[in-house]
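Notes follow the structure.
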Amino acid sequence: MSEKKSRGQARYDALAYEKKNYFETASEQERRAMFAYAEGYKAFLNEAKTEREACAAAVRMAEEKGFAEYRFGDPLAAGDKRYFVNRGKSVVLFRIGAKNLEEDGLRILVAHIDSPRLDVKQNPLYEEAGMCFLKTHYYGGLKKYQWTALPLALHGVVVLRDGRKVQLCVGEAPDDPVFYIDDLLPHLGGEQMAGKASKVIEGEQLNLVVGGLPCTDEEVKHRVKYTVLDHLNARYGMCEEDFLSAELCAVPALPARDVGFDRALIGAYGHDDRVCAYPALTAVLEGAGGHTALAILADKEEIGSEGNTGMQSKVYEDLMEEICLALGANFRKVRFASKCLSADVTAAYDPNFAGVFERMNAAMLSCGACMSKFTGARGKSGSNDANAEFVGEVRRMFAEAGVVWQTAELGKVDAGGGGTVAKFLANLNIDTVDLGVPVLSMHAPWELVSKADLYGCHRAFLAFLR
Ligand code: MN
Ligand code: MN
């Protein structure tokens, strides 16, 4: 490397922009930190496969860091570390900073903790051909054919007739049974395979095998179903009617694993959006800047952020207003001064499907956390298109802290699109831009991310809260 750059080349390098691979530019120490941070993330993924579990895990981690539960009306003061749980399905963690709230505003990180999955129907149980099944209704946008022929676990809650709530998690422990959705053998799949991929497996074929053992009493009409009901009753005190008030989710019974000989990547269920939720959570737990910082971990993003646990619920606005009231600050002024990173995943450039991307504006794997100035579809429709001024401000924060980051759009123009919760925060008159982690095979039962991008997101959030 003794050859000197020509003056022209040096000037070109100074003027031109190029994305850089974060692994390549990271110091040895930083690489070690990337791999260490990923271990905590994988443990979080394995503990938290549903929004309820993610919520409980966040609360556990927060309490370990000295955060205490907050209820509307509680007094607050600088230095307070609190968490607010919304119906067990979303959670806001916050710390009160020393800076003036009306001048400095809130620093908000918002991610979602629900992921695509198969929800058990309200009247789901039936027996046929020697097997017992649970009918499901898929949750979020998924390729239905991907959810067959793999081990599935059941997570959730059942509210019994008497109001008692029973937790259920089957299929995660090594000696647990798992559940299964069958697919057609290729020998008889000619007609199936000639059809449209969206019809290869249809919604009403996503039926979960949950039993196959007939009871010994030959007079029982549904002997396999009897065995399943008998087990559910003995284990959980359930009867069939209790499915009516249950939320049971079938998710892949697969733990998070390192991927590749070099372990650079992580494969797991539910990177979308726990790969942003985890850094948002750890940033607020660890961060000790002067700002009042919030990590909002919301539910129901995958089905439009509706409902009282989704980001469109008034509860988050109410909480922010309560914080302002407790600190004697004008909520309208505070909102105007607040800043938000909407932390959601984006599509990583996939060389096997290059045609749907525009490479210059695609998120490249391992090139750091990815900012999306806008999302949406058909000409940015439905998108919060962040102001250049705010993007510039975030850019300066990252430059000061040495954050490795990139920008991208989700796919090439008119190839499709997607949205995030960014617009709901922006609608509150809060400067908001999307920043998250690029994912391969998004919404598949097992998705892929880079440890460099996870760590880049962690660094970006710390810089934002500094
Ligand atoms: Mn998402
Ligand atoms: Mn999603």
Side-chain angles (χ1 to χ4, degrees), residues 41 44-45 48-51 53-55 58 89-91 108-119 137-144 146-147 249 251-252 256 266-281 295-307 309-313 316 340-348 350 356 363 365 369-377 382-384 408-411 415-426 432-450 453-454 457 460-461:
Y41 173 53
F44 177 76
L45 282 171
K49 287 193 172 179
T50 63
E51 66 277 359
E53 291 168 355
C55 189
K89 299 180 75 169
S90 76
V91 59
I108 304 165
L109 299 168
V110 50
H112 67 92
I113 47 177
D114 61 316
S115 298
R117 65 187 185 227
L118 307 175
D119 284 347
H137 195 139
Y138 66 98
Y139 173 97
L142 48 82
K143 292 177 167 178
K144 294 185 275 288
Q146 291 181 329
W147 292 72
C249 315
V251 298
I266 306 169
Y269 164 68
H271 281 312
D272 178 7
D273 184 31
R274 282 165 214 135
V275 74
C276 300
Y278 182 73
L281 172 62
I296 302 176
L297 306 184
D299 180 28
K300 289 194 164 61
E301 192 278 341
E302 296 296 355
I303 56 169
S305 298
E306 314 281 350
T309 54
M311 200 58 230
Q312 295 195 68
S313 166
Y316 306 101
C340 173
L341 294 182
S342 160
D344 206 344
V345 298
T346 188
D350 187 335
V356 299
L365 203 74
C370 182
M371 179 190 286
S372 297
K373 184 174 177 296
F374 56 87
T375 58
S383 155
N384 155 58
E409 304 182 16
L410 194 145
T420 68
V421 301
K423 59 183 171 187
F424 307 125
L425 277 299
T432 306
V433 69
D434 279 294
L435 189 101
V437 172
V439 177
L440 282 162
S441 308
M442 194 196 294
H443 286 203
W446 223 59
E447 306 168 317
L448 198 62
V449 301
S450 160
D453 299 333
L454 167 70
C457 193
F461 291 172

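By convention here, the first residue in the shown sequence is residue 1. This is a predicted model, so every value here is computed, not measured. Whatever order the structure lists ligands and atoms in, that order sets their numbers, starting from 1.
Lys143 NZ: 12 or fewer foreign heavy atoms inside a 6.0 Å radius. Summarising the local packing, OH of Tyr138 is surrounded by 12 or fewer heavy atoms from other residues, nucleotides or ligands at distances under 6.0 Å.
For Asp344, the N, O or S atom closest to the Mn ion (ligand 1) goes by the atom name OD1. Of all N, O or S atoms in Asp272, the one lying closest to the Mn ion (ligand 2) is OD2.
For the pair Lys89 and Glu53, the salt-bridge criterion is not met [side-chain N within less than 4.0 Å of a carboxylate O].
Screening Ile296, Thr420, Asp273 for a side-chain contact (heavy atoms from CB on, under 4.5 Å) with Val110, the sole residue that qualifies is Ile296.
Taking 2.8 Å as the threshold, Glu302 counts as a candidate ligand of the Mn ion (ligand 2), since one of its N, O or S atoms lies below it. Here His112 fails the criterion, with no N, O or S atom under 2.8 Å of the Mn ion (ligand 2).
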